[in-house]
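To start, the structure under review is shown below, and the notes come after it.
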Amino acid sequence: MKKNELKFLANLAKQRLINKNYEQEKSIKKNTASSYFIQNAKALKRLKAETNYVTIQNKEDEEFVSRVRELLDTDCYNPLGVLCDNSYFSTLNEFEKEFYILNLSEKYNKVKNELLCG
């Protein structure tokens, strides 16, 4: 148990003794939003990301551009889901999946902006 949690529980027990509330057990309610952000901050510290600029150069990327062009012509509500390689995606762990989706979204946004803006 972490030191802060132990202090918090000891403080609750002390307050119960002072107020003579022996039968009432106070439930610990954590702020779920703050704990979510704290967990994500810890995960970001573990990641050692490198900034890469997305460039469209080879034949595979030309196929990606054509797929994005097709998606822009149709009404697609989940373009990343359509562009994602599901067989490759299923082999990744949690952090690699996040990294893959972020790179895919960056690549998609760059291609979309180039196609729409000229």
Side-chain angles (χ1 to χ4, degrees):
M1 189 177 285
K2 293 183 181 177
K3 194 173 186 177
N4 291 336
E5 291 177 18
L6 186 60
K7 284 183 180 180
F8 181 71
L9 291 173
N11 193 17
L12 285 177
K14 182 179 177 182
Q15 291 300 319
R16 279 196 308 269
L17 288 173
I18 290 171
N19 297 329
K20 298 180 182 179
N21 294 334
Y22 301 113
E23 284 124 23
Q24 285 183 339
E25 288 187 26
K26 297 198 177 195
S27 61
I28 301 171
K29 294 182 180 179
K30 290 185 177 181
N31 187 352
T32 56
S34 66
S35 65
Y36 174 77
F37 289 116
I38 289 171
Q39 289 173 355
N40 281 340
K42 289 178 183 176
L44 287 175
K45 285 181 183 177
R46 283 183 262 156
L47 289 177
K48 294 181 180 178
E50 296 178 5
T51 305
N52 295 324
Y53 294 100
V54 178
T55 56
I56 309 298
Q57 292 179 352
N58 57 16
K59 185 176 181 179
E60 179 180 314
D61 289 335
E62 290 174 8
E63 293 173 9
F64 183 80
V65 171
S66 65
R67 289 177 66 193
V68 171
R69 185 175 288 127
E70 291 172 7
L71 287 175
L72 292 175
D73 292 338
T74 61
D75 289 333
C76 182
Y77 295 105
N78 187 10
L80 296 179
V82 174
L83 294 171
C84 180
D85 183 8
N86 290 327
S87 60
Y88 173 71
F89 189 75
S90 63
T91 62
L92 302 175
N93 66 24
E94 182 181 332
F95 297 113
E96 291 172 337
K97 285 180 180 180
E98 288 178 17
F99 192 71
Y100 176 75
I101 291 295
L102 289 173
N103 281 338
L104 186 66
S105 65
E106 182 180 347
K107 194 173 176 180
Y108 170 74
N109 284 330
K110 180 173 182 169
V111 171
K112 183 178 85 168
N113 288 337
E114 286 179 2
L115 291 175
L116 294 177
C117 296

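With hydrogens and angles ignored, the 3.5 Å screen pairs no side-chain donor or acceptor of N11 with any backbone N or O of K7.
Going from atom CG of L104 over to atom CZ of F99 covers 12.0 Å, rounded to the nearest 0.5 Å. With rounding to the nearest 0.5 Å, the separation of CG in L80 from CG in N109 is 8.0 Å. Distance check: E96 CD to N103 CG gives 12.0 Å after rounding to the nearest 0.5 Å. Atom-to-atom distance recorded for L9:CG and K14:NZ is 14.5 Å, nearest 0.5 angstrom.
At least one side-chain heavy atom of D85 sits less than 4.5 Å from a side-chain heavy atom of Y100. Inter-residue side-chain proximity for L102 and E106 is flagged as unmet; no heavy-atom pair is nearer than 4.5 Å.
Summarising the geometry of L72 relative to L115, their closest heavy-atom pair is CD1-CD1, 4.0 Å, with the distance given to 0.1 Å. In plain terms, the two heavy atoms of V82 and C76 that are nearest each other are CG2-SG, 3.8 Å. In this structure, F64 and K107 approach most closely via the heavy-atom pair CE2-CG, 3.6 Å.
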Inset, instruction - Show your reasoning for whether side chain to side chain contact (heavy atoms under 4.5 Å, CB included) applies to K97 and I101. - result: CA-CA 6 Å; K97 285 180 180 180; I101 291 295; 5.5 Å; no

